[in-house]
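In what follows, a structure is listed as structure tokens, so that the remarks can point back to it.
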Amino acid sequence: MTPMASDKEITFSGKGKSPKHHPFKKKIQKTDRVNSPFARRYPQGNKSTVYFQDALDGEDSIEDEESLGSTFRKSKTDLQLQSQQLLPGRKALPVYQNKDEIMSYIAQNQVTVLIGETGSGKSTQIPQFIMSCLDSNKKKKIAVTQPRRVAAISLATRVAMEYGCNVGDDVGYNVRFDNRSNDKKTKLKYLTDGMLLRELMLDKNLSQYEYIIIDEAHERTILTDLILGFLKELISPDKNGARSADLKIVVMSATLQAEKFSEFFNNAPILFVKGRTYPVENFYLTTKDSTTQTDVVESMIRSIVQINSSEPFGGDILCFLPGQEEIDKAVTILSKIAPVLKNSYLSTDVKQKVPELVPLPLYAALPPNKQLFVFNRLNPKKFQRKVVLSTNIAETSVTIPGVKYVIDSGLRKVKVWRHELGLSTLLTVPVSQASCSQRSGRAGREFPGKCYRLFKESDFKKLPPQSEPEIVRCDVANPILMLKKIGVDDILNWSWLENPGKNSIVMGLQELYTLNALDDNGKITGKGEKMALLPLAPHLSNVLLQAIDNNCIEPVLDIVSCLSVENLLLNPLPEKRDEVNEKRFSLCTNGSKYGDLIMMKELYDMYLSLSSAAEKQNWCQELCVSYRGFKNVLKIKEQLKQYVKKIQGTGASNLSMDDDNDEMSGASSKTSSLDISSVLKCFLHGFVKNTAIGMPDRSYRTTTTGEVISVHPSSLLFLNKTCPAILYTEYVFTTKGYARNVSRVELQWLQEVALTARKTK
DNA sequence: GAGCACTGC
């Protein structure tokens, strides 16, 4: 036995409770049930299991997107053969067995809410059923929305195979940077909800569609919520909805928010289709010391060790922890004790040794190649057990094969926007009961499993049934701008699925007004129209439009593109932190003086100046920046450039972009000739509120409220205390108020921008 | 002298 295991035992109570017995069961019983017998999992033994298994439930994998959709076109006979081969598997799906009943509901109702449990086949089959009863005379399409890109791509690929066509013909998809659909041919189109919203802004009646299917509606992303609101207005006769008769809507959801959707759509019928998961037993903490908050990492490790020493070999462990910090800590400890532990014996069979634990971290900021480890099978000869320590990413976005045990800390991290303060805070909060079910369900994907919850059953009952929808805790400036663009005047009384609240809306409107997107009457301005169409946050759109007027579009385009990529600058490991910081500092001569925005421009130019992919990769590794991220930067820049050209074409400005100077021919505008003050003034226009003045005591105070704000240690300007004023693109509160992504600005620029802003208003 | 959960255009 090891010190860790003998020290303190954690005891779990509770008879097995499968996720089907969750507290929402009662609500569902009064709805129409379409039950089907429990059956085996989808019998499709394809080698690329991660991808196909995921496609069934509309989930993502971390695989390279490029490898998902194949451009290879198959012959008609091959396609038909393949479709035939897949048919028996489809027929065995719960959804397929209830096809007629489901379809008669959809035919008789304008809106149908469908609850399909994991593995029911809803995302692949329902759209195909509907496709067979499309009125071919109308030449209209079916849209299926997904919250994530990868899901849209993999579902379309799978369904095309089942249907017997090449992707992009009858069945296609459309996601940012990748449109494989044909306006004339495509009848069934999978798209991201962001894409459908974009289509809405260009044609608010969505006239090319006869059916709209909103999948994964329970995830309640801002974009899904907005689409549902628009659809409601579109079909309601008393709001003069243009499609009150000829548009059908199916809202699909995996958990049980059905009542809410049903009520929202005038008591639409709710259908329930059973899934195909294995039962999962849930256990709760009973130990007394759980009442005094013990360290979550510590109790997690005890539980892992305990499971490993009491459960028979076979079946991996998936652990949910709130963040990177906890995960890294747990992995470090486990790596240290694993070699010792493997010499101990099972508590149930003293002659049997325990498997060796192989701890693997999983979170978004982890380099992609390290994320892939969790999918690797361990060598079966090597008597090992995988322990994946993950954030929320494994709750919805990723499916890890082989998991039989789940340990749930019951915590997650959430970014909360404080509209009254204009800053975001990062909080560790308890998850909802729905999240708990989702997490424990991860243990029952391949075989019956067990879930250990690191809290008491009485605490579970106190948890909120559902997580707070995103829209109530985020900045709503962008959603409001979209509403305005589509022509909604009364934002406060719009048909919000969840109203973000008066204060939040008023702050959003004010924000848009100061960005000149709205006029004195709250109507959208010409500038606002352009901002709404740009695939950027309103502040960045404003910066870009300002750059057209200031004649410095090239460098600003580069920087804005960099800012659009999450995790472009990776967090160096603690031991390499100083080294990487110094390298960035000495390499970016202008950035070291003017700050992070200018550094990005310098890094971008350096990246472009390297010729081979190998050189680029090396360079990225050395400076701890993301290679994949930079590839994305180029794509985004190309897209933004097209928008800018369109805007310039409309006569907003006579300045044109220099075509010979694009990124393919090397650095566009050399940093040496870079007009730093022009560039930073553009950013000041979009981020006037995000400025602070240097005080005699070398602290900074915000220009809005006078609060003390500190430069974040990740900034190049962290050690530089001599800026007259600073501009930052993000203001976060953790242990104190931090400005992230900081630039040096002159006091005079602040005045200048304040004056011009007032004039144009 | 900090650490960012996760998406989307």
Side-chain angles (χ1 to χ4, degrees), chain A residues 59-60 62 145-152 174-179 191-202 216 219-227 320-329 362-366 390-398 409 411-416 424-429 431 435 467 470-471 473-474 478-479 481-482 485 531-538 540-541 561 564-574 577-578 581 632 635-636 639-640 642-643 710-715 718-719 721 730 732-741:
Chain A
E59 286 165 4
D60 304 351
I62 300 184
T145 69
Q146 293 292 325
R148 284 171 289 277
R149 294 166 52 89
V150 194
N174 189 8
V175 299
R176 191 184 191 184
F177 305 130
D178 193 3
N179 179 5
L191 28 64
T192 44
D193 41 21
M195 265 303 180
L196 188 71
L197 219 42
R198 208 140 271 275
E199 291 186 2
L200 252 164
M201 285 196 278
L202 299 171
E216 311 288 348
E219 286 192 25
R220 302 291 309 275
T221 68
I222 290 182
L223 301 177
T224 311
D225 271 25
L226 288 178
I227 289 172
F320 287 100
L321 283 163
Q324 178 182 343
E325 194 188 337
E326 291 85 359
I327 290 169
D328 285 342
K329 201 166 141 192
L362 179 64
Y363 44 80
L366 203 68
S390 170
T391 61
N392 250 353
I393 193 171
E395 190 180 309
T396 50
S397 301
V398 153
S409 67
L411 299 170
R412 64 166 182 160
K413 280 201 174 174
V414 63
K415 204 174 195 171
V416 180
S424 46
T425 46
L426 200 76
L427 306 170
T428 302
V429 297
V431 297
S435 267
S467 312
E470 205 183 354
I471 198 143
R473 53 176 171 82
C474 284
N478 207 13
L481 186 58
M482 288 182 189
K485 167 75 184 141
M531 285 168 62
L533 285 179
L534 283 167
L536 294 168
L540 284 176
S541 298
S561 304
S564 295
V565 172
E566 281 308 304
N567 297 330
L568 183 64
L569 302 179
L570 302 164
N571 284 347
L573 293 172
R577 193 171 58 195
D578 287 343
N581 284 349
N632 241 337
K635 280 191 197 167
I636 291 172
Q639 191 190 33
L640 291 176
Q642 299 307 322
Y643 278 103
S710 313
V711 175
H712 195 273
S714 64
S715 170
F718 175 66
L719 295 169
K721 310 267 184 196
E730 211 184 337
V732 266
F733 197 93
T734 49
T735 47
K736 54 180 176 174
Y738 281 107
R740 306 196 66 193
N741 224 328

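From a predicted model like this one, the values you see are computed outputs, not experimental measurements. Letters go in sequence order (proteins before strands), and every chain restarts at 1.
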*Taking atom P of B/dG8 as reference, at what distance in whole Å does atom CD1 of A/Ile636 sit?*
12 Å
_Taking side chain to side chain contact (heavy atoms under 4.5 Å, CB included) as the criterion, tell me which of A/Leu197, A/Leu223, A/Asp193 meets it with A/Thr145._
A/Asp193
*Would you check if A/Val175 and A/Arg148 make a side-chain contact, meaning some heavy-atom pair closer than 4.5 Å?*
no
*Scan A/Arg412 against the nucleic acid and name what it touches under 4.0 Å (heavy atoms): base, sugar-phosphate only, or nothing.*
nothing
*asked:* By the 4.0 Å heavy-atom rule, please label A/Arg740 as base, sugar-phosphate, or nothing.
replied: base
*For A/Ile222, report the nucleic acid contact type (base, sugar-phosphate, nothing); a contact means any heavy atom under 4.0 Å.*
nothing
*asked:* Between B/dC4 and A/Glu730, counting only base atoms on the nucleotide and side-chain atoms on the residue, is there a donor-acceptor pair under 3.5 Å?
replied: yes
*Name all residues meeting the salt bridge (charged side-chain N to carboxylate O under 4.0 Å, His left out) criterion together with A/Arg220; count only those two or more places apart in sequence or in a different chain, and write none if there are none.*
A/Asp225, A/Glu498
*Do A/Lys413 and A/Thr391 come close enough that some side-chain heavy atom pair is under 4.5 Å?*
no
_Please classify the nucleic acid contact of A/Glu326 as base, sugar-phosphate, or nothing, using heavy-atom distances under 4.0 Å._
nothing
*asked:* Any base atoms under 4.0 Å from A/Ser710, or only sugar-phosphate, or nothing? Heavy atoms, all strands.
replied: nothing
*asked:* Using a 4.0 Å heavy-atom cut-off, does A/Gln324 contact any base of the nucleic acid, only the sugar-phosphate backbone, or nothing at all?
replied: sugar-phosphate
